[in-house]
Asker: 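Have a look at this one before I ask anything.
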Amino acid sequence: MTEDLTFTELGSDIIDDFEGCTEPVCVSHGDIYKAGTPLATYLARWFEGDRQRGLDLQITLGEWGTGTTWQNRHIIAFHASFSQPVPEFVLVDSDAVWGAELGNKYSAAEAQHYAVSTLARELAQAILLRDPAVVEFASRGVGL
């Protein structure tokens with residue numbers, strides 16, 4: 001499924017005053033397309049050089065374009081842990097500190113019951129392989 005996806009990195013930066021965080025946070029965000037059609041947008045955030053704390057990933061997927069609203073989309077969030085050789089993605093509450101207006105927020109328990117969370121997990125794994133800043137952090141604990 002992820003082979004036919006196109007990723008557009010929209011930017012990455014270190015933010016000193018990221019909402020809800022008391023220390024600088026690295027962020028990267030982008031859009032994902034399937035066959036040229038918008039599929040999702042994402043935000044990844046992590047603490048520079050601190051691979052042990054993992055990475056938080058918020059994926060918003062659903063319908064995009066003219067005539068759609070936030071009600072047509074779902075925000076699914078994961079925490080990626082790098083303590084094992086293969087990263088582990090755990091559903092977490094989508095606190096939606098970024099882009100709360102982008103879609104419906106779900107708790108981890110609610111998200112488990114939606115088929116869309118399976119797609120979001122596949123996209124999370126693909127982001128780990130395709131977003132340059134995330135790849136750098138996941139592989140060496142650095143980024144940006």
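These numbers were taken from a predicted model, which means no experiment stands behind them.
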Asker: Without hydrogens or angle criteria, can the side chains of Ser28 and Asp131 be said to hold a donor-acceptor pair below 3.5 Å?
Answerer: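 Present: a donor and an acceptor within the cut-off.
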Asker: With side-chain contact (heavy atoms from CB on, under 4.5 Å) as the test, would you mind laying out the steps for Ile32 and Thr6 before giving the verdict?
Answerer: CA-CA 6 Å; Ile32 304 171; Thr6 304; over 6 Å; no
Asker: Honestly, is Arg53 close enough over Phe47, meaning NZ or CZ under 6.0 Å from the six-membered ring centre and within 45° of the axis?
Answerer: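 Relative to the ring axis of Phe47, which defines the angle, Arg53 lies inside both limits.
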Asker: Same cluster or not: Leu57 versus Leu5, using hydrophobic residues (I, L, V, M, F, W, Y) connected whenever any side-chain heavy atoms lie under 4.5 Å apart?
Answerer: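 Yes; tracing contacts between hydrophobic side chains, which count when under 4.5 Å, links both residues.
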Asker: Check the side chains of Asp93 and Tyr106 for a donor-acceptor pair under 3.5 angstrom, ignoring hydrogens and angles.
Answerer: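 Judged by distance alone, the side chains do not pair up.
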Asker: Would you check, one step at a time, whether the test side-chain contact (heavy atoms from CB on, under 4.5 Å) holds for Leu128 with Val135?
Answerer: CA-CA 6 Å; Leu128 211 62; Val135 168; over 6 Å; no
Asker: Step by step, would you call Phe89 with His79 a side-chain contact (heavy atoms from CB on, under 4.5 Å)?
Answerer: CA-CA 6 Å; Phe89 291 92; His79 178 75; over 6 Å; no
Asker: Of the non-hydrogen atoms in Ala124 and Ile59, which two are nearest, and what is the gap between them?
Answerer: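 Taking every non-hydrogen atom into account, N-CD1, 3.7 Å.
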Asker: Check for a donor-acceptor pair, side chain of Arg130 on one end and backbone N or O of Gln125 on the other, with a separation under 3.5 Å.
Answerer: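 No, Arg130 side chain to Gln125 backbone: no donor-acceptor pair under 3.5 Å.
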Asker: What I'd like to find out is whether the side chain of Phe78 reaches to under 4.5 Å of the side chain of Leu91, using heavy atoms alone.
Answerer: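 Sidechains of Leu91 and Phe78: in contact.
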Asker: Is there side-chain contact between Leu61 and Tyr42, with at least one heavy-atom pair below 4.5 Å?
Answerer: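 Leu61 does not reach Tyr42 side chain to side chain.
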Asker: Which atom pair, heavy atoms only, marks the closest approach of Ser117 to Ala111?
Answerer: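 Smallest interatomic distance, heavy atoms only, reads OG-O, 3.0 Å.
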Asker: Donor-acceptor pair, Arg73 side chain versus Leu102 backbone, under 3.5 Å?
Answerer: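 Side chain of Arg73 to backbone of Leu102: a pair is present.
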Asker: Using 0.5 Å steps for rounding, measure from the CD atom of Glu63 to the CG atom of Asn72.
Answerer: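 Output value for this atom pair is 4.5 Å.
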Asker: Which distance, rounded to the nearest 0.5 Å, do you find between the CZ of Phe82 and the CH2 of Trp46?
Answerer: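 The distance works out to 9.5 Å.
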Asker: Ignoring hydrogens and geometry, is there a side-chain-to-backbone donor-acceptor pair from Asp56 to Arg45 under 3.5 Å?
Answerer: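 Side chain of Asp56 to backbone of Arg45: no pair is present.
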Asker: Could you point out which residue of Thr60, Thr41, Thr8 forms a side-chain hydrogen bond (donor to acceptor under 3.5 Å, both in side chains) with Asp31?
Answerer: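 Exactly one option meets the side-chain hydrogen bond (donor to acceptor under 3.5 Å, both in side chains) with Asp31, and it is Thr41.
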Asker: Distance-only, no hydrogens or angles: does the Ser94 side chain make a donor-acceptor pair with backbone N or O of Ile75 under 3.5 Å?
Answerer: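 Yes, the answer is positive, given that a donor and an acceptor are paired below the 3.5 Å cut-off.
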Asker: Of all heavy-atom pairs between Phe7 and Ala126, which one has the smallest distance, and what is that distance?
Answerer: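 Closest approach of Phe7 to Ala126, heavy atoms only: CZ-CB, 3.7 Å.
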Asker: Quick check: does any side chain N or O of Glu110 sit under 3.5 Å from a backbone N or O of Ser107, one acting as donor and the other as acceptor?
Answerer: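 At least one qualifying donor-acceptor pair exists.
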Asker: Assess the residue pair Leu119 and Ile76 against the criterion (side-chain contact (heavy atoms from CB on, under 4.5 Å)); give the C-alpha distance rounded to whole Å, side-chain angles, the decisive distance to 0.1 Å, and a yes or no.
Answerer: CA-CA 10 Å; Leu119 172 59; Ile76 307 292; over 6 Å; no
Asker: Would you say the side chain of Leu39 lies within less than 4.5 Å of the side chain of Tyr33, judging by non-hydrogen atoms?
Answerer: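 SC-SC contact between Tyr33 and Leu39 ruled out.
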